[in-house]
Amino acid sequence: MGNKKARTAISPTREEDYSGWYQSVVREADMAEMSHVRGCMVIKPWGYGIWENMQRELDRRIKATGHENAYFPLFIPLSYIEKEAAHVEGFAKEMAVVTHHRLVSKDGELKPAGELESPLVVRPTSETIIGASFANWIQSYKDLPVLINQWANVVRWEMRPRVFLRTTEFLWQEGHTVHATHEEAVEETEKMFKVYQDFVEEFLAIPVIPGEKSESERFPGAIQTFTIEAMMQDGKALQSGTSHYLGQNFAKASKIQFAAESGELEYAYTTSWGVSTRLIGALIMSHSDDDGLRVPPRIAPWHIAIVPILRNDEEVNAKIEAYCKEITAELNKSYFAGNQPIMAKYDDRQYKPVNKKWGWIKKGIPIVLEIGPRDVENGSVSVLARDKNAREYENMPRDEFVTGASAILERIQKSYYDAAVARLNEHTHTDIHDYKSLLKLFSKKGMTGFVNAKWCESIECEDKVTSKKLTIRCLPIEQSGTEGHCVVCGAEAKMDAIFAMAY
RNA sequence: CGGGGUGUGGCGCAGCUCGGUAGCGCACCUGCUUUGGGAGCAGGGGGUCGCUGGUUCAAAUCCAGUCACCCCGACCA
């Protein structure tokens with residue numbers, strides 16, 4: 001056969017077709033597939049396992065900050081949605097509406113019947129329906145704050161679905177809180193915003209730029225929207241989590257009032273915040289390579305796959321199997337990153353070893369162990385770490401691996417994060433000061449990246465940029481505080497803004 | 001929602017212009033050989049060609065409609 005070409009497990013490669021690569025990664029890792037329902041996906045066990053791990057850790061952090069879980073209806077009366085003007089306008093175009101409650105058989109076909117007197121919408125978010133409950137729950141300042149979180153599915157009738165990034169139905173968590181004062185609600189908004197940032201950086205190994213959204217990018221009905229923006233491998237930005245200060249807008253719409261100490265009836269201050277299965281998309285586009293997904297150990301459903309290399313010799317095979325099971329059991333008693341249990345899986349499926357190995361690589365499991373007769377002889381293991389070349393085995397004594405596994409997992413976690421930080425830093429341009437240079441930078445094909453530049457805060461300049469497919473992602477929390485000129489119009493400006501193309 | 005493209009076994013594709021009843025690579029199953037870094041040979045299973053209707057003796061192929069996916073745009077807390 002002669003020279004083997006460098007073969008990648010995923011085709012097309014990122015270089016050849018980024019979007020095709022993304023879809024191929026999702027398919028080859030067996031994470032999800034588009035269903036036959038427009039824009040809706042089936043999340044398969046490997047993808048859902050990642051989501052469950054996200055849920056577990058986020059849920060812990062949400063509860064650690066004093067919130068409790070509850071559940072509210074999927075259906076929202078149209079009249080509720082109508083109550084907040086900006087909210088209606090923001091969501092009207094992507095609402096699924098339920099108009100009937102029955103089917104009847106007619107000419108051999110099922111037809112909707114029993115038209116509802118007032119239609120229901122499928123929640124695109126739950127501010128209004130939760131607000132209606134809150135209005136009942138709250139009488140006095142002594143009832144505050146109310147700190148509620150909900151894990152749910154929501155529906156937004158998107159025009160251009162993309163698996164995990166923008167689907168018609170998706171899973172998320174939405175926090176909704178009520179406070180007596182403006183200050184306390186702002187504090188809450190910022191607190192949860194920080195929870196998201198820490199979670200995404202520590203567990204998903206994705207560095208983010210925290211910032212505030214411009215007025216036009218705000219959540220419909222919010223006073224302030226905070227966002228964490230991550231940079232994908234193609235340089236585009238992905239909004240990965242948002243936290244909103246809603247002021248009294250929704251309290252007024254839903255009549256969330258309380259008797260203050262003074263005896264006055266006052267409107268409360270509310271917040272909401274959420275992250276969704278979109279984070280899985282962020283994970284894929286942050287860390288994966290041309291051999292498939294790479295899952296940071298802290299979020300991986302399994303950390304170590306143990307693949308036996310069996311021979312046509314039952315006696316030898318029995319030894320290999322026993323050896324593998326011992327190692328699996330030892331690993332499963334171990335921890336990494338402090339107290340996170342190591343999840344090791346003995347892969348005794350009947351597939352060929354080499355196919356099992358590549359299957360795991362494409363799924364992005366952090367470590368694949370291959371164990372054959374020679375390893376049993378020598379008391380060793382062959383280690384494939386996903387942060388290294390998929391063809392480089394490292395042979396090491398069994399005990400060294402078992403005791404060192406946690407360190408390897410931690411190294412992998414760190415290496416993914418470091419690589420993502422390096423990319424973010426390298427491709428965040430701070431030397432763009434005029435409109436011409438800005439457009440020139442983003443007219444390039446391929447890696448575009450972020451521009452951190454001055455903005456005069458005028459909607460005109462923002463619109464001008466938006467018409468060029470660029471967006472102002474956020475006004476970073478970390479401001480230089482220096483004076484300068486708006487990168488668009490050249491006027492005096494103090495505010496730093498992140499400009500980028502976005503998903 | 002506008003423009004473009006595509007739907008053929010699990011995946012990737014050919015066949016369609018010029019209608020004659022489906023093929024290739026990978027994967028899968030069996031056997032033999034091989035045996036720790038995507039093995040070889042031989043045999044085999046699996047698709048009513050997205051769906052509906054029309055034209056025709058005959059439709060994957062032509063026509064109409066419809067659904068879905070992909071790309072570009074608009075839209076997107």
Side-chain angles (χ1 to χ4, degrees), chain A residues 1 4-12 17-20 22-24 27-28 30 33-41 84 86-95 124-127 154 156-163 165-168 170 172 174 213-227 238-239 241-246 272-276 278 291 307-313 316 320 350-362 368-378 380-382 384 389-395 466-467 469 471 502-503:
Chain A
M1 288 296 280
K4 258 189 196 166
K5 272 187 187 168
R7 178 178 165 189
T8 55
I10 299 297
S11 87
D17 173 5
Y18 194 79
S19 166
Y22 175 81
Q23 289 164 63
S24 181
R27 186 180 58 245
E28 295 295 324
D30 211 23
E33 60 195 21
M34 290 317 272
S35 71
H36 286 289
V37 183
R38 185 198 182 91
C40 295
M41 60 182 165
E84 217 291 331
H87 198 62
V88 193
E89 204 188 322
F91 286 110
K93 277 172 282 182
E94 43 191 275
M95 216 84 90
T125 179
S126 302
E127 275 74 9
V154 286
R156 296 178 189 178
W157 215 263
E158 297 289 354
M159 286 302 148
R160 242 178 101 180
R162 202 136 148 34
V163 65
L165 295 175
R166 193 188 297 106
T167 47
T168 301
F170 57 93
W172 78 345
E174 48 178 327
K213 283 289 187 192
S214 66
E215 186 180 351
S216 66
E217 296 267 335
R218 244 175 243 156
F219 177 74
I223 307 280
Q224 283 182 296
T225 287
F226 295 94
T227 175
L238 185 70
Q239 176 179 305
T242 47
S243 183
H244 316 289
Y245 170 58
L246 306 174
S272 67
W273 27 273
V275 298
S276 72
R278 184 180 234 206
D291 284 328
V307 177
I309 312 291
L310 301 175
R311 316 295 287 272
N312 274 335
D313 182 333
V316 172
I320 296 173
Q350 289 188 20
Y351 302 122
K352 283 193 289 188
V354 76
N355 289 340
K356 289 197 269 192
K357 166 197 147 180
W358 281 101
W360 286 115
I361 288 172
K362 288 188 283 188
V368 177
L369 277 193
E370 279 193 9
I371 294 176
R374 248 183 282 142
D375 290 306
V376 178
E377 266 327 287
N378 304 334
S380 62
V381 293
S382 296
L384 267 173
N389 187 311
R391 289 153 190 85
E392 274 175 26
Y393 288 83
E394 193 184 349
N395 206 267
T466 306
S467 70
K469 295 204 308 195
T471 54
Y503 279 102

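Order of the sequence lines fixes the chain letters, A, B, ..., with proteins taken first and strands second; residue numbering starts at 1 for each chain.
Residue contacts shown for Phe170(A) include a base, since a base heavy atom lies under 4.0 Å away.
Side-chain N/O atoms of Arg166(A) include none lying less than 4.0 angstrom from OP1 or OP2 on C76(B). Between Asn355(A) and C28(B) there is a side-chain N or O to OP1 or OP2 distance below 4.0 Å. For the OP1/OP2 pair of C71(B) and a distance below 4.0 Å, the side-chain nitrogens and oxygens of Gln23(A) include at least one atom meeting the criterion. Phosphate contact (OP1/OP2 of A74(B), side-chain N/O of Arg160(A), threshold under 4.0 Å): absent. For the pair Lys469(A) and G73(B), the criterion of a side-chain N or O lying under 4.0 Å from OP1 or OP2 is met.
When distances run from any side-chain atom of Asn312(A) to the nucleotides G36(B), U34(B), G38(B), the shortest one goes to U34(B). Among the nucleotides C75(B), G38(B), G36(B), the one closest to the side chain of Lys93(A) is C75(B). Nearest to the side chain of Ser19(A), among C71(B), G38(B), C1(B), sits C71(B). Of all nucleotides listed (G12(B), G36(B), G38(B)), G12(B) comes nearest to the side chain of Arg27(A). Here the nucleotide nearest the side chain of Met159(A), chosen from A74(B), G38(B), U34(B), is A74(B).
Between the side chains of Asn395(A) and Ser382(A), at least one donor N or O lies within less than 3.5 Å of an accepting N or O.
Contact check for Arg162(A) versus Ser19(A): side-chain heavy atoms found under the 4.5 Å cut-off. Here the side chains of Pro373(A) and Arg311(A) are in contact, with some heavy-atom distance below 4.5 Å.
Between the P atom of C71(B) and the CG atom of Leu165(A) lies a distance of 10 Å, rounded to the nearest Å.
For the pair Arg278(A) and Tyr503(A), the cation-pi criterion (under 6.0 Å, within 45° of the ring axis) is not fulfilled.
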